[in-house]
Amino acid sequence: MDYKSAIAKAVAQAAGIDAQEAVQLVEIPADASMGDYAFPCFRLAKTLHKAPHAIAQELAAQIETPPFAAMVKTVGAYINFYLDKKQFAEDVLRDIGVQGEKYGGSEIGAGRVVCIDYSSINIAKPFHIGHLSTTVIGSALYRIYGFLGYVPVGINHLGDWGTQFGKLITAYKKWGSRENIEKNAISAMLELYVRFHDEAKINESLNEEGRAWFKKIEDGDAEALEIFNWFKELTLKEVSVIYDMLGVRFDSYAGESFYNDKMQPIIDELNEKNLLEFSDGAYIVRLGDELPPCIVLKSDGATLYSTRDLAAAFYRKKTYGFYKCLYVVAYQQNLHFRQWFKIVELMGYDWAKDLEHVAFGMVSLEDGTLSTRRGKVVFLQDVLEKAIEKTRAIIEEKSPGLEDKDTVAKEVGVGAVVFDTLCSARIKDITFSFDRVLNFDGETGPYVQYTHARCASLLRRAELNFAAEDKDYSALDNTEAFAAAKLLFGFPEAVRRACEKNEPYLITRHIIELAKAMNRFYYEHRIIDEDKAKTAARLELAACVKQTIKTGLWLIGVSAPERM
RNA sequence: GUACCCGUAGCUCAGCUGGAUAGAGCGUUGGACUCCGACUCCAAAGGCCGCAGGUUCAAAUCCUGUCGGGUACACCA
């Protein structure tokens with residue numbers, strides 16, 4: 001039911017204005033005591049040449065109370081519409097009952113491919129909290145787009161190219177051992193890499209060796225490639241543990257090395273289109289007055305990040321025929337993306353407008369910026385483990401009889417970390433603190449999961465007794481149930497907005513509000529009592545809240561345990 | 001220097017396609033469990049919405065300027 005349009009239509013008829021225009025003016029009052037929908041009449045004062053409050057009164061007199069509303073009332077220049085709580089709850093719950101786990105989803109994206117570039121880790125480097133945002137935002141968008149019918153393609157654009165791999169091989173050949181690398185993988189590789197840099201400060205020739213090994217990789221030397229691919233494999237294997245914990249997946253791991261042979265055609269095309277310019281030994285593309293020029297070939301003839309991103313974009317367009325291509329990358333790279341998006345535009349491709357940089361803020365520690373080299377890092381693995389450990393302790397204390405404690409501790413602990421990351425707008429910077437992620441009180445993942453588990457518990461208790469009863473919805477004719485019903489009703493729109501703005505936090509916030517509303521309802525009203533018909537109605541509300549929370553949590557990549 | 005982003009309660013943040021007394025969580029203080037899961041609920045205190053102009057019947061929201069913080073700005077990714 002589209003209440004907004006129905007109200008707009010009624011007002012438009014009375015006022016003699018366009019319904020399309022009227023629907024823009026319909027708003028939802030901040031305070032529910034002023035109505036569920038409102039129409040402000042200020043705007044009409046100009047055309048009708050009357051005082052706004054007088055217009056409100058005249059219009060209200062002409063408007064028949066719509067069938068779904070209980071009351072139409074004016075306050076000043078506002079016409080306020082009050083929905084019939086009982087009817088509304090019944091309508092919303094029925095709708096959710098019919099749609100089940102599909103509630104909130106749609107097919108508006110049917111047939112449209114959306115490429116999402118996220119996580120994009122570096123080979124041989126540890127996964128630290130700086131990688132968390134891109135990973136969980138990208139993963140959430142992957143699920144959200146899929147839920148709205150789009151065909152998402154998750155791409156982990158691996159950082160698997162560059163001289164550092166030559167250096168790493170040099171270090172491995174000199175100081176490494178197969179057993180140690182097999183055993184400790186990333187930390188062993190990192191150790192070698194750090195040692196290389198320390199020793200290279202004294203011994204310049206090491207850098208030469210590093211470059212030489214990288215050249216061997218480029219030239220396809222068997223030994224170099226074998227070691228390089230081995231490093232890659234070990235890194236992915238280790239990182240996949242974290243991806244599994246987070247419930248993150250990818251459809252493609254085509255990274256930097258994949259595009260080595262795909263850049264020349266781009267350079268050729270830029271040349272043919274007279275966009276290439278020789279400047280200070282390098283080749284650049286001028287981007288007008290708005291943007292600084294972009295280098296696409298270094299003076300030594302080597303390609304750059306932008307060249308590679310161009311090649312990747314063309315490959316993705318050709319391979320997937322994307323409707324949109326998203327890059328979930330920190331805002332530091334804002335200029336970089338604006339520049340090469342502009343190049344695509346100058347090349348004459350209108351799909352340049354379909355490329356979008358989904359930027360997010362930076363993560364720092366309380367004592368400053370993250371730095372792998374200076375050892376100022378927090379590994380994601382440690383954060384997740386601490387969260388799980390803490391959850392485990394709470395479970396031991398509060399639900400000692402719980403089955404499968406390990407699974408639940410993982411779902412709640414990891415969920416808390418993911419939920420926290422997706423709780424506010426992407427662009428905000430984050431100062432990482434254990435106190436913050438390990439706080440489970442208030443607006444947190446565990447709070448929402450707890451509400452879900454509590455609903456599940458109610459339904460378990462009552463399942464046998466109330467399933468088939470006729471329902472008496474007068475049990476939901478109160479402000480607490482109505483508040484919950486309105487949030488249930490608003491869920492599909494929250495999902496749509498999250499997708500439109502590429503902002504998963506809109507879903508996170510919505511289910512927090514829903515959980516709060518449910519807890520208030522639960523506190524104020526006995527759910528299971530001797531009146532079976534009313535109990536059945538209350539339980540249906542609990543079932544719908546449970547379903548919607550579960551869907552919402554799933555969309556942001558968080559599990560919803562039945563018990564915790 | 002130039003461009004972009006951020007600036008709302010002690011802290012972390014919503015609200016920003018203009019509308020009715022600016023909201024939440026944490027923290028603080030004070031309450032609520034013989035009762036469906038207290039990882040819960042209720043209440044209080046706490047705000048020149050960085051500052052100054054402008055547009056408008058109406059500005060936290062739009063425009064301009066300014067201050068503070070962040071990021072980036074040619075051969076790293």
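Letters go in sequence order (proteins before strands), and every chain restarts at 1.
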**Message:** Measuring only the P atom in each nucleotide, how far is G1(B) from G65(B)? A whole number of Å is fine.
**Reply:** 15 Å

**Asked** Contact class for His357(A) (heavy atom, under 4.0 Å): base, sugar-phosphate, or nothing?
**Response** nothing

**Message:** Is there, by distance only and without an angle test, a donor paired with an acceptor across the side chain of Ser424(A) and the base of A14(B) below 3.5 Å?
**Reply:** no

**Side chain of Ala282(A) (C-beta onward), nearest among G15(B), C75(B), G37(B)** = C75(B)

**Request:** Taking the six-membered ring for Trp and the full ring for Phe, Tyr or His, determine whether the centres of His157(A) and Tyr259(A) are under 6.0 Å apart.
**Result:** yes

**Fill in**
pair_partner(C16(B)), Watson-Crick or wobble, both distances < 3.5 Å, evaluates to none

**Distance test, side-chain N/O of Ser299(A) to OP1/OP2 of C75(B), below 4.0 Å** = no

**Atom pair distance, as rounded to whole Å: CZ in Phe419(A) and C1' in U12(B)** = 14 Å

**Residue-phosphate contact under 4.0 Å: Arg520(A) side-chain N/O, U40(B) OP1/OP2** = no

**Request:** Would you check if the distance from the ring center of Phe258(A) to the ring center of Tyr253(A) is below 6.0 Å?
**Result:** no

**Message:** When you measure from the side-chain N and O atoms of Arg461(A) to the phosphate of G37(B), is any distance below 4.0 Å, counting only OP1 and OP2?
**Reply:** yes

**Asked** Which comes earlier along RNA chain B counting from the 5' end, the contact point of Asn334(A) or that of Val75(A), where each point is its nearest nucleotide?
**Response** Asn334(A)

**Asked** What interatomic distance, in whole Å, is found between C1' of A59(B) and the corresponding atom of G53(B)?
**Response** 13 Å

**Request:** Examine U56(B): is either OP1 or OP2 under 4.0 Å from a nitrogen or oxygen in the side chain of Lys46(A)? Give yes or no.
**Result:** no

**Asked** Picking from C75(B), C39(B), A20(B), which would you name as closest to the side chain of Ile395(A)?
**Response** C39(B)

**Lys428(A) vs G7(B): side-chain N/O to OP1/OP2 distance below 4.0 Å** = yes

**Complete:** Picking from G70(B), A74(B), A38(B), the nucleotide nearest the side-chain atoms of Tyr331(A) would be G70(B)

**Item:** Separation between the C1' atoms of U28(B) and U71(B), rounded to whole Å
**Value:** 36 Å

**Item:** Nucleotide A20(B), atom P - distance to CD1 of Ile28(A) in whole Å
**Value:** 14 Å

**Message:** Can you see if the side chain of Lys298(A) gets near the phosphate of C76(B) - specifically, an N or O under 4.0 Å from OP1 or OP2?
**Reply:** yes

**Prompt:** Mind checking the C1' distance from C76(B) to A72(B)? Whole angstroms is fine.
**Reply:** 14 Å

**Request:** Identify the nucleotide, in any strand shown, that forms a Watson-Crick or G-U wobble pair with A52(B), with both distances under 3.5 Å; if there is none, say none.
**Result:** U64(B)

**Request:** Look through every strand shown and name the nucleotide pairing with C26(B) as Watson-Crick or G-U wobble, where both distances are under 3.5 Å.
**Result:** G10(B)

**Asked** Between Phe337(A) and Tyr327(A), is the ring centre distance below 6.0 Å?
**Response** yes

**Item:** Face-on cation placement of Lys125(A) at Phe127(A) ring, 6.0 Å and 45° thresholds
**Value:** no

**Message:** Taking any heavy-atom pair under 4.0 Å as a contact, classify Ser399(A): base, sugar-phosphate, or nothing.
**Reply:** base

**Prompt:** Counting side-chain heavy atoms from C-beta on, which of C75(B), U71(B), G37(B) comes nearest to Met362(A)?
**Reply:** U71(B)

**Request:** Using atom CG of Leu458(A) as one end and atom C1' of C35(B) as the other, report the distance to the nearest whole Å.
**Result:** 13 Å

**Message:** Just the rounded figure in Å: distance from C1' of C42(B) to CD of Glu524(A).
**Reply:** 8 Å

**Prompt:** Does the side chain of Arg426(A) come under 3.5 Å of the side chain of Asn502(A) through a donor N or O and an acceptor N or O?
**Reply:** no

**Message:** Of the listed nucleotides (G37(B), G25(B), C4(B)), which one gets closest to any side-chain atom of Lys516(A)?
**Reply:** G25(B)

**Item:** First of Leu297(A) and Tyr523(A) reached from the 5' end of RNA chain B, by closest nucleotide
**Value:** Tyr523(A)

**Message:** Between P on A32(B) and CG on Asn519(A), what's the gap in Å once rounded to a whole number?
**Reply:** 20 Å

**Message:** What is the distance, to the nearest angstrom, from the CZ atom on Arg563(A) to the P atom on C36(B)?
**Reply:** 16 Å

**Ala38(A) side chain, from C-beta outward: closest of C4(B), A20(B), C13(B)** = A20(B)

**Asked** When you compare A74(B) with C57(B), how far apart are their P atoms, in angstrom units rounded to a whole number?
**Response** 47 Å

**Message:** C41(B), OP1 or OP2 - any side-chain N/O from Tyr447(A) closer than 4.0 Å?
**Reply:** yes

**Request:** May I have the distance from Glu443(A) (atom CD) to U40(B) (atom P), rounded to whole angstrom?
**Result:** 11 Å

**Prompt:** Separation of Leu422(A) atom CG from U12(B) atom P, in whole Å?
**Reply:** 20 Å

**Complete:** Per atom distances to the Arg454(A) side chain, the nearest of G37(B), C4(B), U12(B) is G37(B)

**Item:** Any strand: nucleotide that pairs with A3(B) via Watson-Crick or wobble, under 3.5 Å
**Value:** U71(B)

**Item:** Separation between the P atoms of A9(B) and A14(B), rounded to whole Å
**Value:** 13 Å

**Message:** In this structure, is the centre-to-centre distance between the rings of Trp161(A) and Phe214(A) below 6.0 Å?
**Reply:** yes

**Prompt:** Is there a donor N/O on one and an acceptor N/O on the other, under 3.5 Å, for the side chain of Asp441(A) and the base of A38(B)?
**Reply:** no

**Prompt:** Between Phe231(A) and Phe165(A), does the ring centroid distance fall short of 6.0 Å?
**Reply:** no

**Prompt:** Any side-chain donor-acceptor pair under 3.5 Å between Ser433(A) and Asp435(A)?
**Reply:** no

